[in-house]
Amino acid sequence: MTKISFERSTKPSKQAKAAQGKAGFVPAVARWVIERSKAWMERCKSLIKNFERTLAHATTKINLCFVRFLLKRLAAAS
């Protein structure tokens, strides 16, 4: 087993927000990566419930979900 440690990104100061022209809540970029990917994954209806018998099959479905999501983004960009 390996232990994964995450570093929290620092909160932007009021001066940094003012320099960017923003006020109020400004989300830190690195902190929201995991939450966004979970939200994107929940859009795949096949991943709502776990009916897979093997871990390899479940992992493959997650990978296919992200491939489908990235293909949609690429198609929209072009």
What residues form a side chain to side chain contact (heavy atoms under 4.5 Å, CB included) with [X], not counting sequence neighbours?
{"X": "L64", "value": "T60"}
{"X": "T59", "value": "L55, N63"}
{"X": "R73", "value": "W40, F69"}

Tell me, which pairs form a disulfide (SG to SG under 2.5 Å) where one or both residues lie in residues 48-78, sequence neighbours left out?
-> C44-C65
Remaining members of the apolar cluster that contains V67, side-chain heavy atoms under 4.5 Å = L71
